[in-house]
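Numbers here simply count residues along the sequence, with the first being 1. Because only heavy atoms are used, hydrogens play no part in the values below, and waters and symmetry mates are left out as well, while side chains stay in.
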Amino acid sequence: WSGIVVNGVAPFLQVGGQQAVGPARAQVVYASGPLWAALLSLAVLGETIGPQGLLGGAAFLAAVLLAAGTPAPDPACEEEVCEV
């Protein structure tokens with residue numbers, strides 16, 4: 001049963017989600033996997049997060065907020081480097 005879910009359902013949902021939100025936002029979600037794993041282990045298993053873990057999580061969240069606030073590039077730009 002778990003093989004079907006992991007190897008069949010998850011990739012199907014991943015492709016659908018990636019098409020819905022676009023590759024840049026999808027990458028942020030996929031890159032945040034270790035952060036969510038640490039938070040779930042803290043909440044569910046009662047594990048501790050040390051100072052390095054807190055610093056890393058804060059740095060990741062700051063990067064996500066910085067990336068989320070950046071405007072998307074113009075798709076109609078015909079130059080090699082398109083600044084917004």
Undergrad: Could you report the tightest heavy-atom contact between Ile49 and Leu54, atom names first, then the distance?
TA: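 Between these two residues, the closest heavy atoms are CG2-N, 3.7 Å.
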
Undergrad: Check the hydrophobic clustering (I, L, V, M, F, W, Y; side-chain heavy atoms under 4.5 Å; chains of links allowed) and say if Leu61 and Trp36 are grouped together.
TA: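 Per the 4.5 Å side-chain linkage, Leu61 and Trp36 are co-clustered.
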
Undergrad: Is Val64 linked to Leu39 within one hydrophobic cluster, defined over Ile, Leu, Val, Met, Phe, Trp and Tyr using a side-chain heavy-atom separation of less than 4.5 Å?
TA: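 They do share one cluster, since a chain of ILVMFWY contacts under 4.5 Å joins Val64 to Leu39.
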
Undergrad: Is there a side-chain contact between Leu45 and Leu40, using heavy atoms and a 4.5 Å cut-off?
TA: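 Answer no - side chains too far apart.
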
